[in-house]
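A quick write-up on the structure given underneath.
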Amino acid sequence: MEDTRIALIGIIVEDLSATEKINLILHDCSEFIVGRMGIPYRKKNVSIISVIVDAPADQISSISGKLGMIEGVNVKTVYTKGK
């Protein structure tokens with residue numbers, strides 16, 4: 001089995017029409033998702049999504065990259081230091 005890492009993918013959705021694309025990407029990698037929390041912040045018309053994953057580092061990078069390519073979406077990923 002390949003080594004995995006735990007990571008937190010933080011997603012800020014400024015264009016709410018992008019949520020369908022986000023959900024499709026997250027659905028495709030659901031086997032790696034440990035937990036997910038989404039909060040709509042109506043006052044600022046954005047949504048904030050936190051996704052915790054346990055996956056190989058290249059898979060985490062792939063997920064983050066795909067999400068970051070969506071127009072109106074900002075993504076940052078934080079990894080655990082160890083494996």
Side-chain angles (χ1 to χ4, degrees):
M1 182 174 167
E2 190 173 355
D3 287 336
T4 63
R5 293 181 69 184
I6 298 170
L8 168 66
I9 302 173
I11 307 164
I12 296 180
V13 185
E14 296 181 274
D15 180 357
L16 299 179
S17 68
T19 54
E20 185 176 344
K21 292 177 183 176
I22 294 167
N23 285 329
L24 286 172
I25 292 168
L26 294 178
H27 176 75
D28 288 344
C29 66
S30 62
E31 66 187 279
F32 302 112
I33 295 176
V34 175
R36 171 182 172 176
M37 177 180 63
I39 300 173
Y41 188 26
R42 290 181 182 86
K43 181 178 177 182
K44 299 287 185 175
N45 201 35
V46 298
S47 287
I48 300 101
I49 305 169
S50 298
V51 181
I52 297 99
V53 295
D54 184 0
D58 60 338
Q59 183 67 41
I60 297 169
S61 294
S62 174
I63 296 165
S64 297
K66 289 176 186 176
L67 291 167
M69 292 175 65
I70 301 171
E71 188 75 28
V73 175
N74 297 306
V75 178
K76 294 294 179 191
T77 304
V78 180
Y79 294 84
T80 54
K81 290 183 181 183
K83 295 182 180 185

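The residues of the chain are indexed from 1 along the displayed sequence. From a predicted model like this one, the values you see are computed outputs, not experimental measurements.
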Gap between atom CD1 of Ile63 and atom CZ of Phe32 - 0.5 Å precision: 6.5 Å

For Glu14 against Asn74, the heavy-atom pair lying closest together: OE1-ND2, 2.6 Å

Verdict with supporting geometry, Ile11 and Leu67, side-chain contact (heavy atoms from CB on, under 4.5 Å): CA-CA 8 Å; Ile11 307 164; Leu67 291 167; 3.7 Å; yes

Rounded distance [0.5 Å steps], CD1 in Ile25 versus CE in Met69: 9.0 Å

Gap separating the CD1 atom of Ile52 from the CD1 atom of Ile33, nearest 0.5 angstrom: 9.5 Å

Where Ala57 and Arg5 come nearest, the two heavy atoms and their spacing: CB-CD, 4.4 Å

From Ile9 atom CD1 to Ile49 atom CD1, the distance as rounded to the nearest 0.5 Å: 11.0 Å

Pairwise distance CD1(Ile39) to CD1(Ile12) - rounded to 0.5 angstrom: 11.0 Å

Spacing of CG belonging to Leu24 relative to CD1 belonging to Ile70, to within rounding of 0.5 Å: 8.5 Å

Expected output: side-chain Ser64 to main-chain Ser61 donor-acceptor under 3.5 Å: no

pair Tyr79-Ile6: side-chain heavy atoms closer than 4.5 Å: no

Flag, side chain of Arg36 to backbone of Val51, donor-acceptor distance under 3.5 Å: no

Candidate pair Leu8 and Ser50, rule side-chain contact (heavy atoms from CB on, under 4.5 Å), full reasoning: CA-CA 7 Å; Leu8 168 66; Ser50 298; 3.9 Å; yes

Nearest atoms (heavy-atom pairs only) where Val13 meets Asp15: CG1-O, 3.3 Å

Residue pair Val34, Val53: steps toward the side-chain contact (heavy atoms from CB on, under 4.5 Å) verdict: CA-CA 5 Å; Val34 175; Val53 295; 5.8 Å; no

Within-4.5 Å side-chain heavy-atom neighbours: Leu16 and Ser47: yes

